[in-house]
Amino acid sequence: MFTNQTHLQHLLRPDQYTSEEQHRLELRHLFQPAWHPLATVGDLAKPGDFLTFDLLETPIIIRNFDSELRAFLNVCPHRHSKLTEKPRGNTEKLRCQYHGWEYNADGHTGKIPDAMAFRPWDRENSCLRPFRVETCGEIVFVNLSDNGVSLREWLDPVWEQWQPSYGGAFRHAATWERDFPCNWKVVLENSLESYHIPQVHPKTFKEFSEEENSWHELTENFTSYKTVPPNDIATRMSNWMVRRLGHPVRNEYWHRVRHPHITAAFLDVIRMNQCVFPTGPRTCRYRSMLFTLRGHRRGPFAWGIYRLLRSISNMVAHQIVEEDGTIYGGVQKGMEASPHRGVIGTREERIYHFQEYVNRECRGPRELPLLDERGA
Ligand code: FES
Ligand SMILES: [Fe+2]
């Protein structure tokens, strides 16, 4: 059931998908306060494991310090070099690649070559800049602002569902990244509607669900879509395998977006976490982490089913992302030249809700009224 019965206005103008000014506003008001899923705990399993990212123009490093995950700006306070340029690795110490300053888990310096040359020691200006890092299930999230709510609060009310889904009966199957030649909102909005399915996914999804089999939920920070998959051979096979793995069959597809940029797609056999990051006004990076059902049964039969489910899910998920990827460049080029206002159908109403959120947040935090205006 859709919430709206008539078409809706396209609230964002085409130039909001191309302009540098809009890009800056979004970085500041949408992305700076947000939590960002970047990796799995399995990517950083051993002490000394590290990963580096360019996250929203900020180079960061996440490292396992004796089984504790810490995130820092990947910039050395000595003379500004990146600590490392490697995308991943394992080192006994966190040591800057340039002159070899070493850092501890709290970001303070450890061993410094020829330390006497730096007398008197400037303690305040020799620490790494830390960032908050938290996990939901096995997914590692980073936040670039010092203040703001915890990850658990930020994900409320879906924390209870997401936390056991990324781990537990589900195992991490794959992570992959793609750069797309379009504004990040093009990718996000595409994920918020099923209207494009017959045209873009004629062989994978095939048809969109009827309105009677489509539930939309629109809240301040989330939009959701639920449907019951068709009772076809693929669904019946899948349900059979889920039971063989000792997992309950719910037979529902859930798709949720936590504004601004995280998408969770849940079926009985998969849990998929997708995220899209702006890399400029006209470019973005998409990252997907796929978890597939392992269930609770052990033995060679259950193992075989798990492996089969994993490879089919991985293949289909890649295929769908590739199919969506074929249209993004064309949408972006259209945005650059469009004289139209645009229009949003009832099936696409989650997009309207998302656009309301973008405009609302990009106006920035409202100023508090003066005391006398409050009637005090
Ligand atoms: S710049 Fe890092 S040790 Fe010199
Ligand atoms: Fe799609």
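Index from 1, following the sequence. Whatever order the structure lists ligands and atoms in, that order sets their numbers, starting from 1. Below, all heavy atoms of this structure are taken into account, side chains as well, without hydrogens, waters or symmetry copies.
In this structure, Y195 and F208 have tilted ring planes: the angle between them lies in the 30° to 60° band. Relative orientation of the F354 and W184 rings is perpendicular, given thresholds of 30° and 60° on the angle between their planes.
Nearest N/O/S atom of H99 relative to atom 4 (Fe) of ligand 1: this is ND1. Shortest distance from atom 4 (Fe) of ligand 1 to H78 is reached at ND1 (N/O/S atoms only). Taking the N/O/S atoms of D324 in turn, the shortest distance to the Fe ion (ligand 2) belongs to OD1. Looking at H201 and the Fe ion (ligand 2) together, the shortest N, O or S contact belongs to NE2.
A distance of 14.0 Å separates CZ in F72 from CZ in F50, rounded to the nearest 0.5 Å.
Distances from the Fe ion (ligand 2) show that E323 has no N/O/S atom below 2.8 Å. Taking backbone and side-chain atoms together, C76 has an N/O/S atom less than 2.8 Å away from atom 2 (Fe) of ligand 1. When distances to atom 4 (Fe) of ligand 1 are checked against a cut-off of 2.8 Å, C96 contributes no N, O or S atom below that limit.
Side-chain contact check for R271 and S165: at least one donor-acceptor pair (N or O, by modelled atom type) lies under 3.5 Å. There is a side-chain donor-acceptor pair under 3.5 Å between H196 and D324. Checking E26 against H29 by side-chain atom types alone, no donor-acceptor pair falls below 3.5 Å. When only modelled atom types and interatomic distance are considered, T40 and D43 share a side-chain donor-acceptor pair under 3.5 Å.
With ligand atoms numbered from 1 in the order given, ligand 1 contributes 1 (S) to contacts under 4.0 Å with heavy atoms of S81. Every atom of ligand 1 is numbered from 1 in the order shown, and the set under 4.0 Å from a heavy atom of Y98 is 1 (S). Taking every non-hydrogen atom of W101 and a distance limit under 4.0 Å, the qualifying atoms of ligand 1 come out as 3 (S).
Among protein heavy atoms, atom 1 (S) of ligand 1 sits closest to R79 N, 3.4 Å.
S238 places no side-chain N or O within donor-acceptor distance of the main-chain N or O of A234, the cut-off being under 3.5 Å.
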